[in-house]
Amino acid sequence: MTKVVIPYYWPPTLLIHQASVLALISKATGWHVSARWLNGLKELVRIAAGARKYGCFGYAPHPVYEATALCNLRCLHCHASGGRPYPGELNTRRAKKLIENLTTVKEFRMLVFSGGEPLMRRDIFELTKHADDLGFNVVYATNATLINKDVAAKMTKSGVVGAAVSIDSVHPEKHDRFRGVPGAWRRAIAGIKNIVDEDMYLQINITISKLNLDELEDLLFFADELGAHVVLLYTFVAFGRGEIHRKLALTPNEFANVITRAADMQGKLGSVISPVAAPWYYAYLAKRSGLPLKLLERVMTGCIAGRGMFYIKPDGIAWPCPFLPIPAGNVALKPAREIWEGRIFEDLRDRSLLGEPCKSCRYREICGGCRARAYLKTGDMLSGDPMCPLHGPSIV
C-alpha cells in the first residue's frame, strides 16, 4: 500500500519549529533535555509527527480513535465508561475505511488507538498495520495489563511506536481500587517494562483527584523512574463513569495547588509534564517565566479542543475532546476534512468568541480555559471556564 500521510520529517522546517517548541518549553519550565530524550529521538520525532504546538493532551494536532469500549478494568473515572462494547462499534472493514478517511486531513500524521482497552479488540493489530501502511505513526493508549513480551513484540511489528499507560498511585492497592481490579498495578508495571524493552516511546498518564492529590510529587518521580518521556497529568473530570464520583473532583484552590506543584517539579524530571483539562498551567508558566506572550503563543495552545484534538468514538462520531461530547459529524460517513473544518471546530479555534473571563484574559491564546469543564457546567462550550484558578492574586 502506498503511504499517503505526509512524513513526519516533511517539510524540514517543521522539525526546526518542533525544536524551537522544545527549547521554549525548556526555558519556561526549567526542564533540560534528558539523555532519555536524546536516546529516543527517532521515536519522539515520529510521535510529534505534524505537531506545531504543545498543550493539553500534549502534541497538537492529533486524532484519537476510541476503537472499542471493551475493557478488562473498571476504572472509577473512565470517561468512556469502559467495559462492554459501545453501541454501533465499527467492524474491521468500516474501521479501516475510517482510518483511510483520516488521511484527508493533511495535519494528521500520528494516530492514537484508545478505548476502553484497545488490546481487547481482536483486530487491533490488523487495524494498526493498516494505519502504519498509510503512513500514520501509531500510539496505543492502554492500561498495559495485557502487554506481555509477545504482545509488546506484536505491537512494534505492526507499527506501534509508542504507548500511553495509566498509573494513578505509587501504592499498588490504591491504584487497584481506582482501577477496579486487583493486580492491575502489578500487571501494568510489567507491561511498561515490556514496552521499554521494545524501545517504544513511553508516556505515563496520571489522573489526579482527591484520592491521590497528596501523591503528586511521588507519582511524577515514579513516572520518571519508569522511563516516561512525557507525563500527561490528567485532572479528574466528572464525566462518563466519573460522573457518579463527583466527590473526587478538585476545587479551584486544589487546581492551583496542582499547577504550582507540577511547575516546581518540572526542572527535577527527565519527563515533560503536560496537564490535561488544566490549560491554566500554560498561563502560569508564562507568568512565572516572564517570557514574551507573543513568543509563547507560537508554541503553546493550552486547551486543544478544536485546535488539535479530534476524538472519534467507536461508532465514528467525532468530538472535539474526549470530555466534550458534542457530535461534530461521523467520520465513517463524512470526510474527516469536512468535520475538521466544520463550524464546531472553527468556533473553538476562535477564542474571541469565548465568554468572560476567558474572552478578556491576557492569557487567552495560550490557555483558552477548559472547554469541557465549561460545557459540562453550563451547556455552552464557549462559556467562561467555571473552574479557572488563575484569577486569585497568589497565582496570576
Side-chain angles (χ1 to χ4, degrees), residues 8 18 21-22 25 29 31 33-34 36-51 53-66 75 77 79 109-115 117-119 128 136-147 152 155-156 159-169 175 179 185 188-208 216 219-235 262 265-266 269-278 281 304 308-309 311 322:
Y8 64 87
Q18 289 173 345
V21 171
L22 204 61
I25 289 172
T29 63
W31 173 79
V33 177
S34 62
R36 181 186 313 151
W37 270 66
L38 292 175
N39 293 335
L41 196 58
K42 181 180 178 181
E43 288 73 30
L44 285 161
V45 293
R46 292 182 65 188
I47 294 294
K53 290 194 175 183
Y54 197 73
C56 182
F57 286 104
Y59 313 103
H62 68 272
V64 177
Y65 176 27
E66 187 183 307
C75 305
H77 69 301
H79 65 83
R109 307 186 191 184
M110 186 261 275
L111 174 60
V112 179
F113 284 102
S114 181
E117 170 51 55
L119 286 166
T128 302
F136 283 114
N137 297 283
V138 177
V139 172
Y140 282 1
T142 171
N143 59 49
T145 61
L146 303 176
I147 303 180
M155 287 168 64
T156 52
V160 179
V161 295
V165 182
S166 299
I167 296 291
D168 296 307
S169 178
H175 172 91
R179 295 283 159 179
W185 189 93
I189 298 303
I192 289 169
K193 290 178 179 177
N194 292 328
I195 289 165
V196 172
D197 286 347
E198 284 289 327
D199 294 324
M200 282 185 267
Y201 158 94
L202 176 66
Q203 175 182 300
I204 296 295
N205 295 346
I206 299 168
T207 299
I208 288 293
L216 178 59
L219 275 164
L220 290 171
F221 275 130
F222 186 54
D224 202 43
E225 290 169 2
L226 289 171
H229 297 90
V230 170
V231 175
L232 284 198
L233 187 62
Y234 284 73
T235 51
M265 281 290 292
Q266 182 60 93
L269 304 172
S271 316
V272 172
I273 303 169
S274 175
V276 174
Y281 177 73
I304 68 170
M309 174 59 70
Y311 193 83

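Keep in mind it's a predicted model, so treat the numbers as computed, not measured. Below, all heavy atoms of this structure are taken into account, side chains as well, without hydrogens, waters or symmetry copies.
- For F57, the ring-ring contact (aromatic ring centres under 6.0 Å, His included) partners at least two apart in sequence or on another chain are Y234.
- To the nearest 0.5 Å, the span separating OG1 on T145 from CD1 on I192 amounts to 11.0 Å.
- In terms of heavy atoms, I47 sits closest to M110 at O-CE, 3.3 Å.
- Looking only at distances, a side-chain donor or acceptor of R36 sits under 3.5 Å from a matching main-chain atom of D224.
- Here the side chains of L226 and K193 are not in contact, with every heavy-atom distance at 4.5 Å or above.
- Looking at E66 and V64, their side chains never come closer than 4.5 Å, going by heavy atoms from C-beta outward.
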Next on the checklist: L22 vs W31, test: side chain to side chain contact (heavy atoms under 4.5 Å, CB included). Steps then yes/no.
Outcome noted: CA-CA 10 Å; L22 204 61; W31 173 79; 3.8 Å; yes
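- For Y59, the ring-ring contact (aromatic ring centres under 6.0 Å, His included) criterion is met by Y54, not counting sequence neighbours.
- Considering all non-hydrogen atoms of both residues, A152 and N194 come closest at CB-O, 3.7 Å.
- Closest heavy-atom contact between A163 and T142: CB-CG2, 4.3 Å.
- Every residue was checked against the salt bridge (charged side-chain N to carboxylate O under 4.0 Å, His left out) condition with D199, not counting sequence neighbours, and none meets it.
- Side-chain contact between V272 and T29 is absent, with no heavy-atom pair separated by less than 4.5 Å.
- With S274 contributing its side chain and G55 its backbone, the two residues share a donor-acceptor pair below 3.5 Å.
- R179 contributes atom CZ, which lies 8.0 Å from atom CD1 of I167 (distance to the nearest 0.5 angstrom).
- Here the side chains of P322 and M309 are in contact, with some heavy-atom distance below 4.5 Å.
- Side-chain contact between F222 and I204: absent, with no pair of heavy atoms (C-beta onward) separated by less than 4.5 Å.
- From E117, atom CD reaches atom CD1 of I147 across 7.0 Å, with rounding to the nearest 0.5 Å.
- Under the 3.5 Å distance criterion, the side-chain polar atoms of Q18 are left unmatched by any main-chain donor or acceptor of V45.
- Closest approach of N205 and Q203 over heavy atoms only: OD1-NE2, 2.8 Å.
- The OH atom of Y281 sits 13.0 Å away from atom OG1 of T235, with the distance rounded to the nearest 0.5 Å.
- Put simply, the side chain of E198 never gets that close to the backbone of T156: no donor and acceptor are under 3.5 Å apart.
- Here OH of Y201 is found 8.0 Å from NE2 of H229. Values are rounded to the nearest 0.5 Å.
- In this structure, S114 contributes its side chain and A141 its backbone to no donor-acceptor pair below 3.5 Å.
- The distance from atom CD1 of I25 to atom CD1 of I273, rounded to the nearest 0.5 Å, is 11.5 Å.
- The minimum heavy-atom distance between A49 and Y8, with the atom names listed, is CB-CB, 3.6 Å.
- For the pair C56 and I304, the tightest heavy-atom approach, listed with the atom from each and the gap, is O-CD1, 3.0 Å.
- Checked by atom type and distance alone, the side chain of R109 never pairs as donor or acceptor with a backbone atom of N137 at under 3.5 Å.
- Side-chain contact between F136 and V161: absent, with no pair of heavy atoms (C-beta onward) separated by less than 4.5 Å.
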